[in-house]
Protein chains: 2
Amino acid sequence: MPKVSAEHRAARREQIVDAMLRCVARDGFHKTTMAAVISESGLSAGAVYLYFRSKDELIRAIAELVVGEGLSVVTDSSADDVPPPHQVLAAALERVVALGEERGVDVHRVALQAWAEAARNPEIRAIYAREGERGRAVWATYAEQAIAAGHLPADASPVRVAHALIGLIPGFMVQRLVFEDLTPAGYVAGLAGLMGT
Amino acid sequence: MPKVSAEHRAARREQIVDAMLRCVARDGFHKTTMAAVISESGLSAGAVYLYFRSKDELIRAIAELVVGEGLSVVTDSSADDVPPPHQVLAAALERVVALGEERGVDVHRVALQAWAEAARNPEIRAIYAREGERGRAVWATYAEQAIAAGHLPADASPVRVAHALIGLIPGFMVQRLVFEDLTPAGYVAGLAGLMGT
DNA sequence: TTGTCAAGAACGGACGTTCGTTTTTGTTGT
DNA sequence: ACAACAAAAACGAACGTCCGTTCTTGACAA
C-alpha cells in the first residue's frame, strides 16, 4: 500500500536525475559525489537511496536519458518531406541546444561524459550499441530518401552517408567545448560548403 | 650533477606514461588508480612520484600527449599538393588508427576520456582551446587551398568548412566505440557521397 | 497502531600520497 | 685500479581523507 502517489514518486526520481545531470555537467560521473547529488537534489541520503539503489544505477539512468534524447533529435528530424542533409543536421543540432536550455544544463557536456563512460563500462556501451544501431537505421533511411529526392548522388551508399552525418553531431559537441562561438547554423554552413552549396 | 642520464629519466617517464595510457584506455582517468599505474609500470609508488608530482600531473601529461598527436595527424595531412577533402580526412583517420596500433592502445578511447576531462577541468580545457585554435587554422588553410584547387565551391567559407572537417574526426572516434566494423575508408566514402563523389 | 517515507549520523573500505629505509650509481682520494 | 663515500633513485608499508552505502531514529498518513 503506497503512501505516496505514483506521480510523486516520478517527480522525486526526476528531482534526483536533474540534480545528477547538473553535477555531471559540472564534474563528470566519477568526480560527482553522492553527497553532491544529495545536497543538489535537496533530499537526504536515505531518500535518494530509496529511489536509486546505487550510484551506478544513477549513472545508467543518465546515460539512457542522454541517448534517448539524442535519438529523439534524429527521429523528429526526418519526418515528412525530404530536406537537404545540411538542413536536417541543423534541425538536429538546434534540438540539442534547445534541450539543454530547457533543462538548464549543458547537454553536450553530459553527452561527452556519457561517451567516455561508454568507452570503459560495457553495460553503458551495450546501451549505446543498441541505440546506435537504431540511429544508423534512421539516418540511413533518410539518406535513401535524400538520394531519391536528388539531394545526393544516386550511387552514394545510404549507410555510409548516414555514418558521416551522424559523425558530424558529436563533432559539433566536442568543438562546442572549445569554440564557444560555434553555432549550429555556422557549422552546417561548413557542410553545405563541402557539398557544393 | 645527475646520477642517471637524461635518456634514462626520459625512458622512465615514458614507461609511466605508457602504463597510464593503458590504464586510461581501460578504465578512464578517474577509475584509474595510482596503484594500477604503479603495478602496470613495473615501478614502485615512490618511483612514480619521483617523476610525477601527482595524479593530476599525469592526467595533464596524457591530455597533452593526445592533443599533440591529434594535431600532428592534421599538419602532416595538408602538406604538399592539394588532395580532395575526403582524401585528407582519410589520411588523418588512418594516422589515428596507426598511432594506436604502434603504441598498443586504443587511442580513440583515450581521446574520449581526454575530451570528457576537458569538459570538467578548466586546466585541460585551456590546453585544448589553445591547440584547437591551431588545428582550426591548419584546416582553414587547407580549405582555402582546396577551394583554389577547385575541390570546393569558390564561395565556401574556409573556416566553416574547417569546422565541418574537424568535426568528422571525433565523430569517427565516437562511432568507432559502437560500430566496430567502421573503417576510415568506409567513413570517408560517406563524406564523398555527401560531396557528390 | 502500523507501515511507508525521510533524515543524517556513522561505518567500512578504497585511494592518493608520504616517508623512512634500502639499493644503485657516480665520484673522489689514494 | 680500487675502495670508500655521498647523493640520487627505488621501494613499499603506513597514514589520513574521502566517499558510497547502510542503519537507526523520527515523522506522518491511514
Side-chain angles (χ1 to χ4, degrees), chain A residues 1-63 113 116-117 120-121 123-124, chain B residues 1-63 113 116-117 120-121 123-124:
Chain A
M1 205 173 293
K3 279 289 177 181
V4 297
S5 64
E7 300 87 55
H8 184 223
R9 285 193 62 83
R12 273 296 201 283
R13 275 185 73 96
E14 194 176 322
Q15 187 177 352
I16 296 166
V17 165
D18 273 353
M20 179 79 169
L21 273 175
R22 285 192 294 274
C23 289
V24 170
R26 195 192 325 121
D27 301 324
F29 284 115
H30 301 297
K31 279 291 184 183
T32 289
T33 67
M34 287 306 283
V37 177
I38 287 157
S39 92
E40 188 94 17
S41 71
L43 294 174
S44 67
V48 168
Y49 274 88
L50 206 58
Y51 292 93
F52 292 91
R53 238 191 304 280
S54 66
K55 186 181 180 182
D56 273 347
E57 197 171 307
L58 254 172
I59 291 177
R60 258 199 309 278
I62 299 293
Q113 302 299 332
E117 186 62 13
R120 56 153 241 100
N121 185 335
E123 210 169 339
I124 305 296
Chain B
M1 209 169 292
K3 280 291 177 180
V4 296
S5 64
E7 300 89 54
H8 184 225
R9 285 195 64 83
R12 274 293 196 277
R13 275 185 74 96
E14 196 177 321
Q15 185 177 353
I16 296 166
V17 165
D18 274 354
M20 180 78 170
L21 273 177
R22 284 191 294 275
C23 290
V24 170
R26 195 193 324 121
D27 302 323
F29 283 116
H30 301 296
K31 279 290 184 183
T32 290
T33 67
M34 287 306 281
V37 178
I38 287 157
S39 91
E40 188 95 17
S41 72
L43 294 174
S44 68
V48 168
Y49 274 87
L50 208 57
Y51 290 92
F52 293 91
R53 238 190 305 279
S54 66
K55 186 183 179 181
D56 273 346
E57 197 171 306
L58 253 172
I59 290 177
R60 258 199 308 278
I62 298 293
Q113 302 299 332
E117 186 61 13
R120 55 154 242 99
N121 185 335
E123 210 170 338
I124 305 295

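First the proteins, then the strands, lettered A, B, ... as listed; each starts at 1.
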**OP:** Could you note down all residue pairs passing salt bridge (Lys or Arg N to Asp or Glu O under 4.0 Å) where residues 37-49 of chain B supplies at least one of them, sequence neighbours left out?
**Re:**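 Only B:R22-B:E40, B:R26-B:E40 qualify under salt bridge (Lys or Arg N to Asp or Glu O under 4.0 Å).
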Does [X] have any side chain to side chain contact (heavy atoms under 4.5 Å, CB included) partners at least two apart in sequence or in another chain, and if so, which?
X: B:S54; answer: B:D56, B:E57
X: B:A61; answer: B:F52
X: A:A47; answer: A:L43, A:S44
X: B:T33; answer: B:A35, B:A36

Subject >> Bending between helix ends of the helix from C:dT1-D:dA30 to C:dT30-D:dA1 [5 pairs per end, 10° resolution] >> reply: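 Taking the rotation axis at each end, their angle is 10°.
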How long is the straight-line distance from [atom2] of [Y] back to [atom1] of [X], given to the nearest 0.5 Å?
X: B:M20; Y: B:L58; atom1: CE; atom2: CG; answer: 5.0 Å
X: B:Q113; Y: B:K31; atom1: CD; atom2: NZ; answer: 12.5 Å
X: B:H30; Y: A:R120; atom1: NE2; atom2: CZ; answer: 11.0 Å
X: B:M34; Y: B:I38; atom1: CE; atom2: CD1; answer: 5.0 Å

Subject >> Contact list for DNA chain D against residues 23-47 of chain A - heavy-atom distance below 4.0 Å >> reply: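 Residues of residues 23-47 of chain A that come under 4.0 Å of DNA chain D are, in numerical order, A:T32, A:T33, A:M34, A:A45.
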Show me the side-chain donor-acceptor pairs of residues 10-19 of chain A shorter than 3.5 Å, one per line, residues at least two apart or across chains.
residue : atom : partner : partner atom : Å
A:R12   : NH1  : A:H8    : NE2          : 3.0
A:R13   : NH1  : A:Y51   : O            : 3.2
A:Q15   : NE2  : A:S41   : O            : 2.9
A:D18   : OD1  : A:R103  : NH1          : 2.6

**OP:** Provide, to the nearest angstrom, the distance between the CG atom belonging to A:D56 and the C1' atom belonging to D:dG20.
**Re:**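 So the two atoms are 10 Å apart, to the nearest Å.
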Original post:
In whole angstroms, how far is the C1' atom of D:dA14 from the OH atom of B:Y49?
Top reply: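 Spelled out: OH on B:Y49 to C1' on D:dA14 is 14 Å.
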Original post:
What are the two closest non-hydrogen atoms of B:K55 and B:F29, and how far apart are they?
Top reply: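 Nearest heavy atoms, B:K55 then B:F29: NZ-O, 3.3 Å.
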Subject >> Residue list, side-chain hydrogen bond (donor to acceptor under 3.5 Å, both in side chains) with B:D27, at least two apart or on another chain >> reply: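 By the side-chain hydrogen bond (donor to acceptor under 3.5 Å, both in side chains) rule, B:D27 matches no residue at all.
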N/O contacts under 3.5 Å, protein versus nucleotides 20-23 of chain C?
none

Could you go over nucleotides 10-13 of chain C and give all protein N or O partners under 3.5 Å, atom names and distances?
none

Original post:
Which residue lies toward the 5' end of DNA chain D, B:L50 or A:S54, if each is placed at its nearest nucleotide?
Top reply: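 Here B:L50 is the residue nearer the 5' end.
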Original post:
Reckon A:R9 has a side-chain N or O less than 4.0 Å from the OP1 or OP2 of C:dC5?
Top reply: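 Answer yes for this pair, as a side-chain N or O of A:R9 is under 4.0 Å from OP1 or OP2.
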Original post:
Would you say a side-chain N or O of A:R12 is under 4.0 Å from OP1 or OP2 of C:dA6?
Top reply: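 Answer yes for this pair, as a side-chain N or O of A:R12 is under 4.0 Å from OP1 or OP2.
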Original post:
Got a sec? Which of residues 13-22 of chain A come in under 4.0 Å of DNA chain C, heavy atoms?
Top reply: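 Listed by number, there are none.
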